[in-house]
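Position 1 is the first residue of the sequence; numbering continues from there.
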Amino acid sequence: MKIKVIMTDKAMDRETMDQRESMLSCAVSEKTEISVDCIKEGPDELDCNTDEAFASPEMVRRSIQAEKEGYDAIVIYCFSDVAIDAIRENVSIPVVGPGETTLAAAGLVCNRYVVITTESRNIARTYRRLRRYAIARDKMSSVRALDVPIGELRKDPMAIEKRLIQVCREAVEKEQIDGVVLGCLGMANYGSAIEKNLPVKVFDPAFIAVAYAEMCVRIGLTHPRESYPPFMNESHVNL
């Protein structure tokens with residue numbers, strides 16, 4: 001089985017993507033191959049709605065190419081699930097969005113959870129988007145920010161870990177949460193430190209997404225064509 005993970009920014013170097021492949025492979029079986037690539041055109045980082053808009057066309061193109069190359073599933077490597085509906089119109093293999101998948105997982109086992117985003121300017125955008133999901137309207141307590149730019153999430157792991165624990169502790173004390181959703185895939189692998197220090201379950205979208213993608217392939221679970229009719233390009237866009 002082969003799973004293509006597509007990153008929504010173009011500034012990632014090959015060494016970093018190789019590290020992501022190694023990290024994500026821990027969440028799937030040994031015979032499942034994880035291949036990580038980033039878009040070639042679009043934003044260097046994804047921080048706002050405008051970045052999402054410019055990343056989306058290339059995400060669709062890369063996904064079409066992945067299916068042609070024989071990949072069995074696609075994972076969008078962004079909590080915003082960039083272009084997920086458009087991608088599903090253009091491929092027949094499972095397309096997994098870490099955001100919607102992680103919210104569903106958290107909703108299954110938590111009574112009340114908080115979503116952690118990167119910077120305060122993203123709180124409104126994240127809150128508005130997540131409130132579209134019934135499970136978030138029911139169980140999401142709040143969206144809190146680390147106030148750390150995306151590009152700095154991996155530069156000083158100890159400092160980020162300390163800041164994450166601090167933000168989550170405030171949520172536990174003020175909102176009585178029992179779950180934490182890491183609202184940026186740049187926070188991957190920080191969950192265990194939070195769980196060691198606080199009485200919460202941490203939901204890491206990076207690992208949940210690839211594990212779910214593998215399961216979808218195994219049981220033949222993909223989007224129905226009745227809900228996502230194939231794109232016929234009658235509008236003559238450049239794909």
Side-chain angles (χ1 to χ4, degrees), residues 3-10 12 20 24 27 34 36-39 42-43 45-64 66-67 71-108 113-119 122-140 143 150 153 179-188 203-217 221-224 227-228 231:
I3 298 175
K4 174 62 75 174
V5 177
I6 306 176
M7 308 192 77
T8 56
D9 50 66
K10 72 175 190 296
M12 195 69 66
R20 293 288 194 278
L24 296 174
I34 301 289
V36 177
D37 280 304
C38 64
I39 58 176
E45 295 181 359
L46 199 140
D47 296 316
C48 60
N49 291 312
T50 303
D51 287 338
E52 287 188 27
F54 279 93
S56 293
E58 185 71 357
M59 289 294 295
V60 175
R61 296 186 190 104
R62 292 286 160 185
S63 298
I64 293 172
E67 184 174 40
Y71 284 90
D72 300 292
I74 294 165
V75 171
I76 301 167
Y77 202 76
C78 179
F79 191 72
S80 296
D81 298 344
V82 176
I84 188 169
D85 290 332
I87 294 172
R88 285 174 175 165
E89 289 178 348
N90 283 276
V91 302
S92 59
I93 58 179
V95 181
V96 176
E100 64 178 15
T101 305
T102 304
L103 291 181
L108 288 172
Y113 59 81
V114 66
V115 175
I116 309 297
T117 190
T118 51
E119 300 178 80
N122 282 327
I123 290 178
R125 179 172 68 98
T126 302
Y127 191 84
R128 184 171 59 251
R129 181 172 59 82
L130 298 187
R131 290 284 290 178
R132 299 171 186 168
Y133 298 103
I135 192 67
R137 294 195 297 270
D138 183 38
K139 293 192 173 184
M140 184 176 70
V143 178
I150 291 176
L153 288 175
V180 171
V181 172
L182 302 180
C184 176
L185 276 73
M187 301 177 194
F203 296 86
D204 193 323
F207 298 106
I208 291 172
V210 294
Y212 181 66
E214 181 182 55
M215 186 203 74
C216 287
V217 176
L221 180 61
T222 190
H223 48 284
S227 299
Y228 297 91
F231 180 59

Exercise. Could you pull out all residues at least two apart from Asp85 that satisfy side-chain hydrogen bond (donor to acceptor under 3.5 Å, both in side chains)?
Key: Tyr228
Exercise. With rounding to the nearest 0.5 Å, note down the distance linking CG in Leu221 to CE in Met215.
Key: 5.5 Å
Quiz item: Can any side-chain N or O of Asp51 pair as donor or acceptor with the backbone N or O of Asp47 at less than 3.5 Å?
Solution: yes
Quiz item: Can you find a heavy atom in the side chain of Phe79 that is under 4.5 Å from one in the side chain of Arg129?
Solution: yes
Quiz item: Taking all non-hydrogen atoms of both residues, which atom of Ala211 and which atom of Ala27 are closest, and how far apart?
Solution: CB-O, 3.7 Å
Practice problem: Could you tell me whether Phe231 atom CZ has more than 12 heavy atoms of other residues or ligands within 6.0 Å of it? | Solution: yes
Quiz item: Does Asn90 reach the side chain of Ser63, with side-chain heavy atoms less than 4.5 Å apart?
Solution: no
Self-check item: Which atom of Val75 lies closest to which atom of Ala213, heavy atoms considered
Solution: CG2-CB, 3.7 Å
Practice problem: Would you mind reporting whether Pro98 and Leu185 have side-chain heavy atoms less than 4.5 Å apart? | Solution: yes
Quiz prompt | Which residues share a side chain to side chain contact (heavy atoms under 4.5 Å, CB included) with Ser227, sequence neighbours left out | solution = Pro224
Self-check item: Main-chain N/O of Val181 paired with Thr102 side-chain donor or acceptor, under 3.5 Å
Solution: no
Quiz prompt | With Asp72 via side-chain hydrogen bond (donor to acceptor under 3.5 Å, both in side chains) - residues at least two apart | solution = none
Exercise. To the nearest 0.5 angstrom, please state how far the CD1 atom of Ile116 sits from the CE atom of Met187.
Key: 7.0 Å
Quiz prompt | Asn122: partners by side-chain hydrogen bond (donor to acceptor under 3.5 Å, both in side chains), with sequence neighbours left out | solution = Thr118, Arg125
Exercise. Check Val82, Ile64, Val60 against Ile87 for a side chain to side chain contact (heavy atoms under 4.5 Å, CB included) and give me the one that passes.
Key: Val60
Quiz item: Looking at residues at least two apart in the chain, or sitting in another chain, which of them share a side chain to side chain contact (heavy atoms under 4.5 Å, CB included) with Glu100?
Solution: Asp81, Ile84, Arg88, Tyr133
Quiz prompt | Min side-chain heavy-atom separation Leu103-Tyr113 under 4.5 Å | solution = yes
Quiz prompt | Gap separating the CD1 atom of Ile123 from the OG1 atom of Thr117, nearest 0.5 angstrom | solution = 7.5 Å
Practice problem: Write down the atom of Lys10, the atom of Gly42, and the distance for their closest heavy-atom approach. | Solution: NZ-O, 2.7 Å
Practice problem: Please examine the side chains of Lys4 and Glu67, heavy atoms only from C-beta on, and report whether any two atoms are closer than 4.5 Å. | Solution: no
Self-check item: Pairwise side-chain contact, Val5 with Arg20, heavy-atom cut-off 4.5 Å (strictly under)
Solution: no
Quiz item: At what distance, to the nearest 0.5 angstrom, does CZ of Arg131 lie from OG1 of Thr126?
Solution: 13.5 Å
Quiz item: Got Leu182 and Pro205 here, is their nearest side-chain heavy-atom distance under 4.5 Å?
Solution: yes
Self-check item: Residue pair Leu46 / Glu52: nearest heavy atoms and the distance that separates them
Solution: CD2-CG, 3.5 Å
Quiz prompt | For Glu58, side-chain hydrogen bond (donor to acceptor under 3.5 Å, both in side chains) partners two or more places apart | solution = Arg61, Arg62
Quiz item: In Å, rounded to the nearest 0.5 Å, how long is the span from CD1 of Ile3 to CG of Leu24?
Solution: 9.5 Å
Quiz item: Out of curiosity, Arg128 CZ to Asn49 CG, how far, rounded to the nearest 0.5 Å?
Solution: 6.0 Å
